[in-house]
2 protein chains.
Amino acid sequence: MEPRRADNIAEALEELIFSGALSDGDRLDEVRLAEHFGVSRTPLREAFQRLALSGLVELIPRRGAFVRQPGPVELIEMFEVMAELEAVCGRLAAMRISDAAVDALRLANLKCQAAIDAGDPDTYYAENESFHKTIYQQSGNSFLEQEACKLHKRLQPFRRQQLRFRGRMVQSMSEHRAIVEALDEGDAVTVSNTLRAHVAVQGEKFHNLMASLKKAAE
Amino acid sequence: MEPRRADNIAEALEELIFSGALSDGDRLDEVRLAEHFGVSRTPLREAFQRLALSGLVELIPRRGAFVRQPGPVELIEMFEVMAELEAVCGRLAAMRISDAAVDALRLANLKCQAAIDAGDPDTYYAENESFHKTIYQQSGNSFLEQEACKLHKRLQPFRRQQLRFRGRMVQSMSEHRAIVEALDEGDAVTVSNTLRAHVAVQGEKFHNLMASLKKAAE
DNA sequence: AGAACATTTCTTGTATACAAAACTCTTGAC
DNA sequence: GTCAAGAGTTTTGTATACAAGAAATGTTCT
């Protein structure tokens with residue numbers, strides 16, 4: 001691999017972890033990775049420090065850096081927080097959203113539906129993400145928006161697993177539509193509750209998540 | 001200053017920033033700080049990477065590391081998120097709290113009141129923090145607990161300013177008592193709304209915060 | 001054979017060296 | 001007097017060197 005800038009190394013490592021090339025418990029060998037990226041150990045170690053704080057990597061003194069993927073319990077907890085964060089974004093957005101943003105949400109939903117009909121999952125994921133990010137943004141609180149985006153990104157790989165299950169996309173779409181209508185009416189309570197339920201991992205979804213986790217562990 | 005371990009340097013820098021020894025916009029001079037801590041630039045730069053992700057420091061490539069304190073807008077946003085996070089913790093805690101924890105909250109409140117009566121602000125701060133952290137913990141979600149603690153810590157210096165204003169401590173106490181009662185009754189909605197209002201910066205508190213910010217800038 | 005200890009090898013943590021970019025200060029032109 | 005260009009200085013970013021701790025290997029003794 002050609003040499004990279006240090007700024008990008010943390011990102012590249014993140015990519016490697018998300019993509020599954022590095023899995024839970026793996027030691028991040030400094031010299032091996034340094035060779036791989038064509039740099040020395042110094043910029044690599046700086047990248048480790050970043051990843052450590054974001055929770056993707058555990059730094060054990062005098063031992064090294066280890067990949068740390070969330071286990072089932074932590075994952076459930078993270079999804080619960082994501083659901084609550086989205087509910088908060090929705091509650092605030094219900095009071096603050098612009099007409100243009102409501103239109104943008106409707107458009108994203110139409111494109112989502114079209115992607116389902118066309119059997120195009122990539123477009124579906126993209127438009128689904130756009131839908132949620134618009135709501136984060138319309139919370140009118142950029143700090144909240146950032147935090148929501150961070151957690152969203154961290155859960156991304158697991159979410160993709162989720163949508164594999166049959167019927168999930170269709171149900172998800174009808175939830176999306178209900179959310180837009182409640183936002184348009186400024187009904188903060190309904191937006192909040194519907195979004196929470198939409199994101200929360202419960203019932204059927206819980207078992208699906210556990211099943212895909214076990215599958216991934218094999 | 002005697003040499004320190006690299007692990008502690010990030011923490012020490014954080015302390016310097018929180019204590020006000022380093023203020024907004026200051027450049028973190030690598031060689032000067034290296035001398036100050038009695039280490040070389042390498043461990044310092046690693047610490048910078050950590051602080052950058054936590055938002056206390058901005059890393060501008062080829063320029064250096066700069067202290068980055070939140071401005072008024074960002075601060076308001078952070079307090080809003082804190083209020084919502086506490087509301088979520090409270091909502092979950094209302095369903096999950098243990099009897100022992102309710103007792104612990106009552107005890108913390110008694111100690112808080114005693115501290116006010118004795119004119120002992122340090123004890124008051126400590127017990128107040130204990131009250132809130134107990135609620136985070138009783139959300140039954142350790143990921144949420146961690147996130148709440150992180151933001152709580154980041155807002156700590158500004159919160160201390162807040163409580164300076166007369167009458168605030170007394171009002172705060174009566175809110176605390178209402179929260180415990182609602183938690184005891186398992187009334188999630190009341191807990192959530194009361195906690196949100198307790199933490200939110202609005203009305204009088206907003207002006208106080210702005211005033212202390214201006215004062216700090218002089 | 002197995003456990004305890006010594007030795008060797010490997011890895012991390014830190015210092016230092018060097019290259020390249022940014023900043024500064026001087027000089028010179030208009 | 002102001003602005004621009006360039007030499008010199010400072011500072012960042014990265015590589016490398018070295019020291020100290022951990023793991024691995026081998027050796028000896030029971």
Side-chain angles (χ1 to χ4, degrees), chain A residues 1-70, chain B residues 1-70:
Chain A
M1 180 168 285
E2 77 273 16
R4 279 171 172 275
R5 290 295 191 63
D7 319 6
N8 301 331
I9 288 181
E11 209 176 331
L13 275 174
E14 209 175 279
E15 202 56 43
L16 278 180
I17 295 173
F18 278 154
S19 76
L22 297 166
S23 45
D24 191 52
D26 285 1
R27 192 173 67 89
L28 296 171
D29 189 305
E30 295 185 358
V31 292
R32 212 164 54 83
L33 286 170
E35 261 175 43
H36 180 260
F37 288 121
V39 296
S40 80
R41 284 171 52 218
T42 313
L44 252 174
R45 288 178 54 87
E46 292 189 358
F48 285 177
Q49 296 291 331
R50 298 198 146 196
L51 296 176
L53 209 73
S54 78
L56 261 83
V57 155
E58 187 171 12
L59 242 49
I60 303 178
R62 287 270 168 217
R63 287 293 183 77
F66 297 83
V67 178
R68 177 146 158 41
Q69 292 284 29
Chain B
M1 179 168 283
E2 78 273 16
R4 279 170 171 274
R5 290 295 188 68
D7 318 4
N8 301 333
I9 288 183
E11 210 176 328
L13 275 174
E14 209 174 281
E15 203 56 45
L16 279 181
I17 295 174
F18 278 153
S19 76
L22 297 166
S23 46
D24 189 51
D26 285 1
R27 191 173 68 87
L28 297 171
D29 191 303
E30 294 184 358
V31 292
R32 212 165 54 82
L33 286 169
E35 260 175 43
H36 180 260
F37 288 120
V39 297
S40 79
R41 284 172 51 218
T42 313
L44 253 174
R45 287 179 55 86
E46 293 189 357
F48 286 176
Q49 296 290 331
R50 296 196 149 198
L51 296 177
L53 210 73
S54 77
L56 262 82
V57 155
E58 187 172 11
L59 244 48
I60 304 179
R62 288 269 169 218
R63 287 292 184 77
F66 297 82
V67 178
R68 176 146 160 44
Q69 291 284 27

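Naming convention: chains lettered A, B, ... in sequence-line order (proteins, then strands); numbering from 1 in each chain.
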A.B. asks: Mind listing the closest non-hydrogen atom pair of D24(B) and V67(B) along with its distance?
C.D. replies: OD1-O, 3.5 Å
A.B. asks: Within this structure, what is the CG-to-C1' distance between D29(B) and dT10(D), rounded to whole angstrom?
C.D. replies: 10 Å
A.B. asks: With no hydrogens and no angle check, is any side-chain donor or acceptor of D29(B) less than 3.5 Å from a backbone partner on R32(B)?
C.D. replies: yes
A.B. asks: Using a 4.0 Å heavy-atom cut-off, does R32(B) contact any base of the nucleic acid, only the sugar-phosphate backbone, or nothing at all?
C.D. replies: nothing
A.B. asks: Taking atom C1' of dT10(D) as reference, at what distance in whole Å does atom CZ of R41(B) sit?
C.D. replies: 11 Å
A.B. asks: Distance check needed: dT12(C) P versus F66(A) CZ, whole Å only.
C.D. replies: 8 Å
A.B. asks: For the residue pair R41(B) and A34(B), what are the closest heavy atoms and their distance?
C.D. replies: N-CB, 4.2 Å
A.B. asks: Rounded to the Å, how far apart are E46(B) CD and dT14(C) P?
C.D. replies: 7 Å
A.B. asks: Specify the separation, in whole Å, of atom CZ of F37(A) and atom C1' of dA15(D).
C.D. replies: 17 Å
A.B. asks: Measure the distance from CD on E30(B) to C1' on dA15(C) and round it to the nearest whole Å.
C.D. replies: 14 Å
A.B. asks: Dump the intermediate steps for side chain to side chain contact (heavy atoms under 4.5 Å, CB included) on L28(A) and D26(A), then the final yes or no.
C.D. replies: CA-CA 6 Å; L28(A) 296 171; D26(A) 285 1; 5.7 Å; no
A.B. asks: How close or far is atom C1' of dG13(D) from atom CZ of R50(A), stated in whole angstroms?
C.D. replies: 14 Å
A.B. asks: Examine the base of dG21(D) for any acceptor or donor lying under 3.5 Å from a partner atom in the side chain of R63(A), and report the outcome as yes or no.
C.D. replies: no
A.B. asks: Can you tell me which nucleotide in dT14(D), dT12(D), dA20(D) comes closest to the side chain of R27(B)?
C.D. replies: dT12(D)
A.B. asks: To the nearest angstrom, how far is E58(A) atom CD from dT12(C) atom C1'?
C.D. replies: 16 Å
A.B. asks: Could you pick out which residue, R62(A) or T42(A), lies toward the 5' side of DNA chain D when each is mapped onto its nearest nucleotide?
C.D. replies: T42(A)
